[in-house]
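If you're wondering where the values come from, they're calculated on a predicted model, not measured in any experiment.
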Amino acid sequence: MITPEFYDNLTPSEAVALQKELREKIDCTPLTTPVRYIGGADISFNKFETTVYAGIVVLKYPEMVVQAHASVTCTVQFPYISGLLAFREVPALLKAWDALTLKPDILVLDGHGIAHPRRLGIATHFGLIMNQPTIGCAKTRLTGVYQEPGNHRFDQAPLFDKQEQIGTVLRTKPNCNPVFVSPGNRVGMDQSLEIITRCCGKYRIPEPTRLAHMLVNQERVKGSR
DNA sequence: GCGACAG
DNA sequence: ATCTTGTCGC
């Protein structure tokens with residue numbers, strides 16, 4: 001069992017090696033059990049500080065009504081390095097997950113799933129070590145090529161790496177930049193898009209991640225005073 | 001060598 | 001990610 005402590009004293013080089021090992025275990029088989037609860041996870045922190053606030057919000061699916069939430073605060077040592085985001089944020093998220101009284105059927109992470117150079121975005125990483133269905137929903141591209149989707153709600157375009165589709169670029173709201181949706185683990189490509197689409201309200205960011213972001217920001221303001 | 005580069 | 005009010009555009 002991987003605990004938050006497992007990540008202590010891990011070097012970037014070792015992190016990349018671990019990603020290459022985990023890559024073999026990725027499972028993008030569509031989830032067959034019903035999704036009744038969906039979670040949104042995110043972290044927040046003050047610039048130049050090592051204290052991070054992690055939180056997870058659980059909502060009824062597809063009604064998008066909040067059912068539960070948990071947030072924790074802890075310190076991180078691993079720096080932000082593009083491609084290694086999971087090693088900075090997952091430890092804190094694991095603690096928030098433990099504190100959750102109601103575990104969601106699927107979790108949406110603020111970042112990519114398999115739309116990553118080694119297919120190990122934060123959503124895939126979390127999903128693999130927790131054997132939990134996950135979806136990655138990032139605000140900007142990390143890797144891959146795509147054609148800009150139309151400017152209407154839910155217009156979309158596949159995100160490719162070579163010949164392989166690694167995600168979908170989704171316009172969740174007109175006149176707003178699209179979001180990047182990709183399977184994390186134990187969920188299919190089309191299924192992840194379908195689920196995220198149903199989580200969209202009147203904002204660019206889907207409800208699970210949007211509410212998690214608001215939660216951790218409030219915790220940060222509270223905690224840093 | 002140069003540009004790109006989730007949060 | 002975070003620092004931050006008003007303001008331009010759909």
Side-chain angles (χ1 to χ4, degrees), chain A residues 7 12 15-16 19 22-23 26 40-56 71 73-94 96 107-128 134-146 148-153 155 159-162 166-185 192 196 202-206 208-225:
Chain A
Y7 293 86
V16 172
Q19 291 184 322
L22 290 176
R23 177 172 186 165
I26 299 174
D42 193 18
I43 75 164
S44 177
F45 58 89
N46 287 310
K47 200 174 183 179
F48 305 131
E49 289 183 14
T50 58
T51 299
V52 299
Y53 302 82
I56 296 178
S71 57
T73 169
C74 56
T75 62
V76 294
Q77 293 303 319
F78 206 91
Y80 167 70
I81 298 175
S82 180
L84 300 180
L85 176 66
F87 296 89
R88 175 176 170 74
E89 304 196 347
V90 166
L93 290 178
L94 289 178
L107 182 68
V108 183
L109 288 286
D110 187 17
H112 293 98
I114 62 171
H116 175 284
R118 291 173 292 281
R119 304 294 175 271
L120 266 140
I122 187 170
T124 303
H125 188 115
F126 186 100
L128 280 175
T134 58
I135 295 175
C137 184
K139 295 179 290 299
T140 61
R141 184 198 78 104
L142 206 207
T143 191
V145 296
Y146 65 96
E148 191 70 22
N151 193 32
H152 292 102
R153 185 158 130 112
D155 274 349
L159 176 63
F160 290 108
D161 183 352
K162 301 297 170 55
I166 56 176
T168 304
V169 184
L170 176 69
R171 182 87 61 189
T172 55
K173 180 178 178 178
N175 307 310
C176 284
N177 291 322
V179 296
F180 299 72
V181 182
S182 60
N185 190 51
S192 56
I196 289 298
K202 54 183 295 189
Y203 304 95
R204 174 169 86 116
I205 305 303
T209 298
R210 189 180 74 82
L211 294 176
H213 190 269
M214 293 186 77
L215 169 67
V216 294
N217 264 323
Q218 294 185 308
E219 290 303 312
R220 177 171 59 83
V221 173
K222 243 191 283 179
S224 58
R225 60 173 180 173

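- Side chains of Asn217(A) and Ser44(A): a donor on one and an acceptor on the other come within 3.5 Å.
- Note on Ser44(A): only backbone sugar-phosphate atoms sit closer than 4.0 angstrom, heavy atoms only; bases stay farther off.
- Seen from the ring of Tyr203(A), Arg210(A) counts as a face-on cation partner, given the 6.0 Å and 45° thresholds.
- Not one side-chain nitrogen or oxygen of Thr143(A) sits closer than 4.0 Å to the OP1 or OP2 atom of dC5(B).
- Residue His112(A) places no side-chain N or O under 4.0 Å from the OP1 or OP2 atom of dG7(B).
- For Phe45(A), whose side chain is taken as the heavy atoms from C-beta onward, the closest listed nucleotide among dG7(B), dA6(B), dC3(C) is dG7(B).
- Within the nucleic acid shown, Gly136(A) has no heavy atom closer than 4.0 Å to any nucleic acid atom.
- No contact: Ile43(A) has no heavy atom under 4.0 Å from any strand.
- A distance-only check finds a donor-acceptor pair linking the side chain of Arg171(A) to the backbone of Pro149(A) [under 3.5 Å].
- Asn175(A) has its CG atom 16 Å from the C1' atom of dT7(C), to the nearest Å.
- For Lys139(A) and dA1(C), the shortest distance from a side-chain N or O to OP1 or OP2 is below 4.0 Å.
- Residue His116(A) has its side chain nearest to dA6(B) when only dA1(C), dA6(B), dC5(B) are considered.
- Listed nucleotides: dG7(B), dA6(B), dA4(B). Nearest to the side chain of Arg141(A): dA4(B).
- Closest to the side chain of Lys47(A), out of dA6(B), dA4(B), dT2(C), is dT2(C).
- Counting any heavy atom pair closer than 4.0 Å across all strands shown, Leu84(A) reaches a base atom.
- His213(A) comes within 4.0 angstrom of sugar-phosphate atoms only, judged by non-hydrogen atoms across all strands, and of no base.
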